[in-house]
Amino acid sequence: MPKPIKYVEKAVTLAAKAVWPVFDTLNSIKPNPSFTPKWSDKPLLKSWEKMKPPLGWPRETDSLCPKCIPEIRKEILDGKKDVSILVNERPGEIKAKIIERDGKILMVKDCPVHGHFEDVMSIDPAFFRHLEEVFPGRDIRAHNDEDLHRHGTSTITHGRGSVLTIDLTNRCNMMCDPCFMDANQVGFVHELTWEDIKTMLDNALKIKPRRQMSVQFSGGEPTLSPFFLDAVRYCRKVGYNSVQAATNGIEFAKSPEFARAAAEAGLRYAYLQFDGIGNAANSHRAVGNLFDVKLRAIENLYNAGVDIVPVITIINGINNEQVGRIVQFALDNPKKISFLSFQPVSFTGRDEGISDERRAAQRYTLSHLAHDVKNQTGLGEPVRDWYPISFMTTFTDWADLVHGPSAPWGQLSCGCHPNCGVGMAVMIDKETKEAVPVTKFLNGDRLARDVARVNDAARGRFLSIVGMALALMRNYDPFQAPTHFKLSDLLKKFDKTFGATGRDYGKVSGDRTLQDIQKRRADRWNFLFIAGMWFQDLFNYDFRRTEQCIIPYATQEGEISFCAYNTGVGWRNIVEKMHMTATLTRWYEEHGRHEIFAGNKSVKLNSTEHHLVLREEIVTKERQTDLDKLGIAKTAREEKIRERDMKLRMQQQAEHERMMALYRKHVLKEPDTDLVQINGIAAAAPAKEKQEETAGALGD
C-alpha cells in the first residue's frame with residue numbers, strides 16, 4: 001500500500017502538468033539573448049544552435065587502417081618519417097561506414113593495401129538509435145586553444161572536456177593484460193618533472209570554454225611519482241575542485257597514512273581498478289591477492305574522506321559475468337560506492353596486434369553492458385533507463401544559466417559523442433537498500449525537452465529555477481519512486497548537484513573540510529551512476545568522436561584526445577619517446593628498481609580488515625572459462641606464446657619433410673622424376689606405396 005504522501009505528491013504533479021503549458025508559453029515570449037559568461041569568449045548556445053555530427057545509419061565517417069597505422073608509427077619512432085606528417089597530412093586514414101546487418105550495428109572499412117575490416121558497434125540497433133536520438137548536441141567550440149590543440153585531424157575542436165588526464169609516469173607496479181599503454185614494456189621511462197606538471201595544469205586554464213574539469217592523475221601508476229601529492233595539492237590551489245587518481249590501489253591499501261595524506265592534499269576521487277568480486281575474478285591481473293587489495297584500499301580511502309569509483313575493464317569471456325556481481329556490490333554498499341565506471345576493452349597497447357579470432361570473441365560494447373546489467377541484476381531497461389552521458393549537458397547548461405555571467409568557471413559538461421559513453425542513474429535508499437532506476441519514476445526524455453525550453457528562454461535565476469522545479473514535478477511519478485523517497489528529496493538532489501540555490505550541502509571547493517565531506521555523505525539517498533565509457537581502438541575508430549573528446553590528455557606536445565593519444569595514430573608512443581626521461585638501464589642505475597607485483601605475487605598488507613558488505617554468493621571462486629572452451633587465447637602474451645609454438649611446430653614439420661626427402665633420395669634410391677621443391681631441396685615425389693613403406697620404416 002503506497003504511503004499517503006504519495007497521493008499528495010500525485011496531486012502536486014497533476015497541478016504542475018496543468019501549470020506548465022501556461023508557464024512555458026509566457027516564458028517563451030521574446031526570449032532573452034544568450035549571455036557570454038566570464039569563462040568563455042563565446043555566448044551560451046541555444047538548443048537549436050548546438051551542432052551534431054552525422055548520426056543514424058547507414059552513414060560514412062573517417063577512420064584509420066589497423067595495419068597502416070602501426071607501420072607509420074614505427075617509421076616515425078625509427079626516425080624515417082617526421083612527426084609533422086601527423087599534423088600536415090592524413091596518414092593511414094580511410095573511409096568507414098556504419099551499417100546494420102543481422103541485427104547488429106557494424107563498422108566496415110576497406111584499405112587499398114590491407115583489405116577489409118569490420119567490427120561490432122552494437123548488438124542492439126534500438127539501443128544504438130535511442131542514444132543518438134537523445135543526443136543534445138556539441139558544446140561551445142573550443143577557443144583560445146591554438147597552442148595546445150594542434151594535432152591535425154586528431155585535434156579536439158569542441159568543448160573544454162570534463163576530465164583532464166595527466167600521466168605522471170609510465171612506470172607501474174603491476175604487469176597487466178590488457179594494458180592500453182603497455183606499461184613497463186617500452187624500454188624507457190617517461191616521467192614528468194615538477195615543472196612539467198605545473199606547466200600542463202597552468203596551460204589547461206587558458207582554454208575556453210573554461211569549464212570546471214576533474215583533473216585525473218594517471219600512469220602507469222601515478223602514486224609511484226615522487227610528485228603525486230604535490231600535484232594533487234597544486235590542482236586545488238589553482239582552482240580545480242575535483243582531483244582524481246586512476247590507481248590500482250596498492251599504495252593506498254598498504255598505508256592508511258598515505259590515503260590520509262592524499263585526502264589532505266585534496267584528492268577527491270580514486271578511480272580504482274576493479275575487475276570483479278573475489279580474487280579469482282581478478283586473477284587475470286596476475287596478483288595473488290588483488291581483490292583483498294581493493295577492499296583494503298576502499299576502506300582506507302573512504303575513512304580518509306576520498307570517494308571511490310570502481311573502474312572495470314570489461315572483456316567478453318574474461319569478466320563479463322562479473323557485471324551483475326559488481327553492481328550488486330555497489331547496491332550493498334551505497335554509503336561508500338556512488339559511481340561505477342565500466343570500460344569495455346579497447347584493443348590497443350599490448351593488444352593492438354590482436355588476432356581477428358580473439359577480437360571477435362572478446363569484443364564487448366556499451367549495448368552488451370546495458371543488457372548484462374538487466375539480465376544479471378534485473379535492474380533497468382536498456383532503451384528506457386540508459387542515456388548517453390552527454391544527455392546531462394542540457395542540465396549543466398541550465399546550471400550555467402542559473403550561475404550567471406560572472407561565474408569564474410562553467411559547469412562540468414560531458415559533451416561527448418553519443419557512441420562514447422552511456423549511463424543509468426539509480427536512486428538507492430542507504431537505509432533499506434531499495435534501488436530504482438531514476439528514469440523509471442522520472443520521464444527523462446520529456447524532462448530534457450522541458451529544461452531545454454527553460455534554457456532557450458534565458459531568463460534570470462529565479463524564473464529558471466521555477467522552470468526547472470515545474471519540469472521536475474510534472475515529469476515525476478511518485479508511485480514508481482522508492483518507498484521512502486519524496487518529491488522534496490528529488491528537488492534537493494538536483495539543487496545539491498548543481499548548487500542552484502546556494503544552500504549549504506557541504507562545500508566541494510578547494511577549502512572543503514572533513515566536516516563538509518561528512519555533511520554531503522549524510523544524505524539518505526545515493527544517486528548511483530552506472531556508467532560505461534567505451535574508448536576506441538583502430539578497428540572502430542571514428543574521427544567524429546575524437547573531435548569532441550571530453551577526456552583530453554595534457555602532454556608536453558599539447559592536449560590530445562584520449563583515443564587519439566592511446567590509439568589513433570599513436571601520439572602516446574611518439575610523445576613519450578620524444579620526451580623520455582631515461583632508458584630503463586640508466587633509470588635503474590640511478591633510482592633502483594621499484595617493486596612489481598606479477599606472476600601471482602601477493603601484496604603484503606598490514607591488515608585485510610574492511611567494513612564493506614560482501615555477500616558470499618557473489619564472491620567468485622573460479623576464473624571464467626568461456627575462452628578456454630573455445631580454444632581462444634585470453635591475453636596478448638598467451639597469443640604470442642601460441643604464435644611462437646605454431647612457428648616452432650611448422651619449423652619442425654619442415655625439417656621432418658626435408659629429412660624424409662633426403663631419405664627417399666639417398667636410402668631408397670628413388671629416381672629424380674616428378675621433382676618437387678621442399679625447402680630449397682629438389683626431391684622426387686614418391687609413389688603412394690613407397691610413401692606408406694617409408695612411413696612404416698621411419699615408424700619402426
Side-chain angles (χ1 to χ4, degrees), residues 162 212 214 241-242 244 268-269 271 302 306-311 326-342 370 373 377 379-381 384-396 398-399 411-414 421-444 447-448 451 468-469 471-473 475-478 480-501 503-508 516-533:
S162 59
Q212 175 64 58
S214 297
N241 65 31
S242 180
Q244 311 170 0
R268 185 173 175 186
Y269 294 104
Y271 267 55
Y302 182 83
V306 178
D307 291 331
I308 299 94
V309 179
V311 179
I326 293 168
V327 171
Q328 187 60 58
F329 177 74
L331 296 176
D332 288 339
N333 295 280
K335 294 182 179 180
K336 295 183 178 179
I337 307 293
S338 60
F339 199 114
L340 292 174
S341 180
F342 288 92
V373 171
T377 69
L379 196 64
E381 295 293 333
R384 185 195 68 190
D385 297 321
W386 290 82
Y387 286 83
I389 59 175
S390 49
F391 181 75
M392 287 302 296
T393 60
T394 298
F395 301 92
T396 56
W398 172 81
Q411 294 291 303
L412 184 69
S413 184
C414 300
V422 300
M424 175 174 68
V426 181
M427 194 65 71
I428 308 176
D429 188 332
K430 293 180 182 178
E431 304 303 323
T432 67
K433 308 286 181 72
E434 183 184 9
V436 180
V438 171
T439 42
K440 183 177 181 180
F441 60 85
L442 194 63
N443 187 327
L447 175 63
V451 174
M468 172 63 87
L472 286 169
M473 288 188 289
N475 286 289
Y476 176 65
D477 183 347
Q480 295 297 324
T483 304
H484 301 287
F485 191 75
K486 300 186 293 294
L487 179 58
S488 59
D489 294 320
L490 178 66
L491 297 173
K492 287 178 183 177
K493 269 294 178 186
F494 269 77
D495 189 27
K496 180 181 177 181
T497 300
F498 298 110
T501 66
R503 181 177 175 179
D504 183 15
Y505 296 97
K507 291 185 290 187
V508 296
D516 290 312
I517 295 169
Q518 292 169 343
K519 189 172 185 179
R520 292 186 73 84
R521 288 177 173 177
D523 188 343
R524 175 173 180 170
W525 298 98
N526 177 19
F527 192 84
L528 173 68
F529 194 68
I530 303 172
M533 196 71 188

Problem set entry | Derivation of the side-chain contact (heavy atoms from CB on, under 4.5 Å) call for Asp516 and Val508 | CA-CA 8 Å; Asp516 290 312; Val508 296; over 6 Å; no
Problem set entry | Worked verdict on Asp429 versus Thr483 for side-chain contact (heavy atoms from CB on, under 4.5 Å) | CA-CA 9 Å; Asp429 188 332; Thr483 304; over 6 Å; no
For this session: Begin with the C-alpha distance, continue with both residues' side-chain angles, and end with the deciding distance and a verdict on ring-ring contact (aromatic ring centres under 6.0 Å, His included) for Phe441 and Phe485.
Result: CA-CA 11 Å; Phe441 60 85; Phe485 191 75; 5.5 Å; yes
Problem set entry | Derivation of the side-chain contact (heavy atoms from CB on, under 4.5 Å) call for Met392 and Leu412 | CA-CA 10 Å; Met392 287 302 296; Leu412 184 69; over 6 Å; no
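Counting only distance, with no hydrogens or angles, the side chain of Lys493 and the backbone of Trp525 share a donor-acceptor pair below 3.5 Å. Checking side-chain atoms of Asp495 against main-chain N and O of Ala500 turns up a donor-acceptor pair under 3.5 Å. In this structure, Gln244 contributes its side chain and Ser214 its backbone to no donor-acceptor pair below 3.5 Å.
Rounded to the nearest 0.5 Å, atoms CZ (Phe529) and CE (Met424) are 9.5 Å apart. Considering CE of Met473 and CG of Leu487, their distance stands at 6.5 Å, rounded to 0.5 Å. In this structure, Ile517 CD1 and Arg268 CZ are separated by 9.0 Å, a value rounded to the nearest 0.5 Å. Atoms CZ and OG1, from Phe395 and Thr393 in turn, are 9.0 Å apart once rounded to the nearest 0.5 Å. For the atom pair CZ (Phe342) and CD1 (Ile530), the distance works out to 7.0 Å, reported to the nearest 0.5 Å. Between Asp489 atom CG and Asp523 atom CG the span is 7.5 Å, to the nearest 0.5 Å.
Between Trp386 and Val373 the shortest side-chain heavy-atom distance falls below 4.5 Å. Side-chain contact between Pro334 and Leu528: absent, with no pair of heavy atoms (C-beta onward) separated by less than 4.5 Å. For the pair Met533/Ile389, a side-chain contact is recorded, criterion being any heavy-atom separation below 4.5 Å from C-beta on.
The heavy-atom pair separating Pro482 from Met427 by the smallest distance is CG-O, 4.1 Å. The two residues Leu490 and Leu442 make their nearest non-hydrogen contact at CD2-CD1, 4.0 Å. Residues Ala531 and Phe339 share a closest heavy-atom pair of CB-CE2, 3.8 Å. When all heavy atoms of Ile337 and Ala330 are compared, the closest pair comes out as CG2-CB, 3.8 Å. Nearest approach of Ala435 to Ile428, heavy atoms of both residues: CB-CG1, 4.0 Å. Smallest separation of non-hydrogen atoms from Arg524 and Thr432: NH2-CG2, 4.0 Å.
Every side-chain contact (heavy atoms from CB on, under 4.5 Å) that Lys440 has, sequence neighbours left out, goes to Arg384, Val436, Pro437, Gln480. Here Glu431 pairs with nothing under the salt bridge (Lys or Arg N to Asp or Glu O under 4.0 Å) rule; sequence neighbours left out.
In this pair, Phe498 and Phe494 present their aromatic rings tilted. The plane angle is within the 30 to 60° band.
Sequence neighbours left out, the pairs with a member in residues 331-340 that pass side-chain hydrogen bond (donor to acceptor under 3.5 Å, both in side chains) are Gln328-Asp332, Asp332-Arg615.
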